[in-house]
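Presented below is the structure to which this report refers.
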Amino acid sequence: MGAFTRALRALVLLAGFYLIGLVLLALLGLGDWALLTSGHHGIGIIRLVILSVVIAVPLVRGLALVRTPRGEDPPGVELTPQEQPRLWELVRKLAKAADTRAPARILLTADVNASVTERTRLLGLVPGRRELYLGLPLVQGLTEAQLRGVLAHELGHYAHADTRLSGLTSRVRGQVGRTVVHLQGESQEGEGKEGGEAKKRNFLHRWLAKMYIGYGTLVLRVTLQDARRQEYAADLLAARLAGRTATASALRELPALKASFGFYLDRYAFAGADQLLLPPRGEIFGGYGRLLGARQLELVEMRSELPHEPASPYDSHPPLAARVRRVEELPDDGRTDEGREAAFALLDTPETVLVALEDVALKAPPFQSGTWSRAADWPDLLTRAMNDRLGDQDAPLPRALVREKGTAGLPTLLAVIEAGELWELARHLPASAETRAAKGRARQAMLRPLLRAQLHRMVLADFAVRGRLRWEFSWEGPHAAVLTGEGGAPLEEGAGSREDGGPALEHAIEAALADRPDTGPLRALCALGDGPHTPKDGLV
């Protein structure tokens, strides 16, 4: 199907949306006219007219959303040809090979994604200014050959005129979607209202929403089929320009990069977000490259486990496994040794780019806060963030202790265990309805994992308060919590290889939470002195 045919079909779909609304408004208007000219003027007629007006309001509002709001560009840093000549040379070379016009701007973003846009006119029939959005995690995680495959894929959307029509198609989807959401909201707002009129109004709102959902399903079936064909076509062009191997391996890399980047942001870059604490300047994104270098073996399995289904029924991209299979089934082109260098080397003055993107990202939601502070280095960030987190008295078990005993210290908890009151205290912990309904040992089994985690946290907090907890930062694996004696030496040899404080702590916690609890090992480990040793069965 050619570009003109797709544009015409999109226009027909858009017209169909307006036609539905106009026909419904016309029917409501004709009904009101028939009621008012029927010669009857009772209160029932007036109520029906008012009801029709109320029903017409969301329809009019939906039609008033004709102009699709212009989406905001993702926060990014423009990479100019003067600042990044090698990257621009690569993009222009690929655009020439694809027989298409190169983008006017390249913007570096913090997304694990690459995309292209085109500021078209006349509903996409007239081409316009082109922009390429390139995610920094891709540049950090791909080789130069793989990045060529990604760029060639995006330029393929230009070459096939996909970007000229995507705005029109998205407008149809967005228009239908916003109207459906609005109608559903209208019906939900009145669900709690009593009275026959309210029930009639809600029923009609739901009926209208179902009508638009049905139309929206038709739109998606028609447009998603084209969108997925466009992705396959762009993959084939990428394989031709960048090589089969590089294109397929770049596609395989995407799930690994998405998962690892999310893990990095949570466990490293924003580990101190609750305390408004950031890593050193330039390290919010700079540290991701070091994580990738240190954990290559962990990423191997992610590259082989590809999703065989779309991310959602409305995903415009085909399943990743199907895309990889199509590319790998192409004839061998012998281009297996090209561009093995890291794509990040294409950037001139990469440190400046990392800082610039960080500054832009911190000005955008949800990070636009002027109260952030900086850690001295990564180990300092880890220590400050973890110690502050451990000291949070709003955790479930400390909160329950304060409620029952007035204090939340570890000695108080050990006394509760020794008195056989732990499972009574556990009544105040958050639990599912199934757990709350359980009795005896079944209830204990359900609550024990939460108690184990909370007790572990309280022990680490106790060591931290007394200056006997040391955090060892690591890119290669989990951060290690090292319990130390009074002189600062680790309590266990090799304890720095574990994030849970070592086997001795694990054993002591298990003993304290056993069916016949024994707090002796935990008291000895924490140097809290002997408590009353009265093991109890602990049944509720």
Side-chain angles (χ1 to χ4, degrees), residues 3 6-7 10 68 70-81 84 87-139 142 144 146-171 173-174 223-224 226-242 246-247 250-251 253-254 257-258 311 315-318 320 323 327 343 346-347 357:
R6 294 203 301 270
T68 303
R70 180 189 176 97
E72 294 185 3
D73 295 333
V77 175
E78 182 174 0
L79 304 179
T80 65
Q84 305 296 337
L87 178 62
W88 271 95
E89 180 183 2
L90 174 60
V91 171
R92 286 168 174 163
K93 181 179 178 180
L94 290 171
K96 183 177 180 181
D99 193 24
T100 190
R101 181 164 48 93
R105 297 175 71 208
I106 299 178
L107 290 101
L108 191 70
T109 71
D111 301 321
V112 190
N113 191 29
S115 62
V116 287
T117 62
E118 188 168 0
R119 313 293 185 182
T120 59
R121 292 173 294 168
L122 296 179
L123 299 178
L125 299 179
V126 178
R129 180 183 176 87
R130 293 178 169 181
E131 295 178 344
L132 167 66
Y133 295 89
L134 181 60
L136 175 61
L138 295 182
V139 182
L142 300 179
E144 184 177 333
Q146 290 170 334
L147 183 63
R148 281 204 302 267
V150 170
L151 294 173
H153 173 97
E154 298 304 328
L155 293 171
H157 288 304
Y158 284 146
H160 302 148
D162 299 339
T163 52
R164 288 173 53 187
L165 302 171
S166 62
L168 183 57
T169 305
S170 298
R171 183 176 182 178
R173 293 178 189 165
T223 58
L224 286 179
D226 280 344
R228 291 171 181 172
R229 277 199 297 260
Q230 291 166 5
E231 294 301 323
Y232 283 130
D235 286 342
L236 294 178
L237 179 63
R240 178 170 66 84
L241 298 184
T247 301
L251 291 173
E253 203 74 33
L254 293 179
L257 292 179
K258 287 181 179 179
D315 190 357
S316 60
H317 288 64
L320 191 58
R323 295 174 63 189
V327 173
L346 287 170
L347 297 180
L357 182 58

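Between K93 and E89, none of the side-chain N atoms (NZ, or NE/NH1/NH2) sits under 4.0 Å from a carboxylate O, so this pair counts as no salt bridge.
Checked against side-chain contact (heavy atoms from CB on, under 4.5 Å), E231 has the following partners two or more places apart in sequence or in another chain: H153, H157, H317, P318, R323. Partners of E78 according to the salt bridge (charged side-chain N to carboxylate O under 4.0 Å, His left out) rule, which considers only residues two or more places apart in sequence or in another chain, are R105. The side-chain contact (heavy atoms from CB on, under 4.5 Å) check on L241 picks up L94, A97, A98, A152, L237, with sequence neighbours excluded. Listed by chain and residue number, nothing satisfies the salt bridge (charged side-chain N to carboxylate O under 4.0 Å, His left out) test with E154 (two or more places apart in sequence, or in another chain). Remark: A250 pairs with Q146, V150 by the side-chain contact (heavy atoms from CB on, under 4.5 Å) rule, at least two apart or across chains. Residues satisfying the side chain to side chain donor-acceptor pair (under 3.5 Å) criterion with T100, sequence neighbours excluded, are R130.
Side chains of N113 and L254 form no contact here, defined as non-hydrogen atoms less than 4.5 Å apart.
Of all the heavy atoms in G149 and A238, the pair that sits closest is O-CB, 3.4 Å. Scanning all heavy atoms of the two residues, the minimum distance from A246 to A242 falls at CB-O, 3.6 Å. Heavy-atom minimum distance, L257 versus P137: CD1-O, 4.1 Å. A pairwise comparison of heavy atoms in V327 and A239 identifies CG1-CB, 4.3 Å as the closest pair. The two atoms that bring R101 and Y158 nearest to each other are O-CD1, 4.2 Å, heavy atoms only.
In this structure, CZ in R240 is found 11.0 Å from OG1 in T247, a value given to the nearest 0.5 Å.
Tested against L108, the residues L132, L79, L87, L138 include a single side chain to side chain contact (heavy atoms under 4.5 Å, CB included) partner, L79.
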Residue pair L155, V116: steps toward the side chain to side chain contact (heavy atoms under 4.5 Å, CB included) verdict: CA-CA 8 Å; L155 293 171; V116 287; 5.5 Å; no
Criterion side chain to side chain contact (heavy atoms under 4.5 Å, CB included) on L147 and L134, from CA distance to verdict: CA-CA 10 Å; L147 183 63; L134 181 60; 3.9 Å; yes
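A donor-acceptor pair under 3.5 Å is absent between the side-chain atoms of T109 and the main chain of Y133, judged by distance alone.
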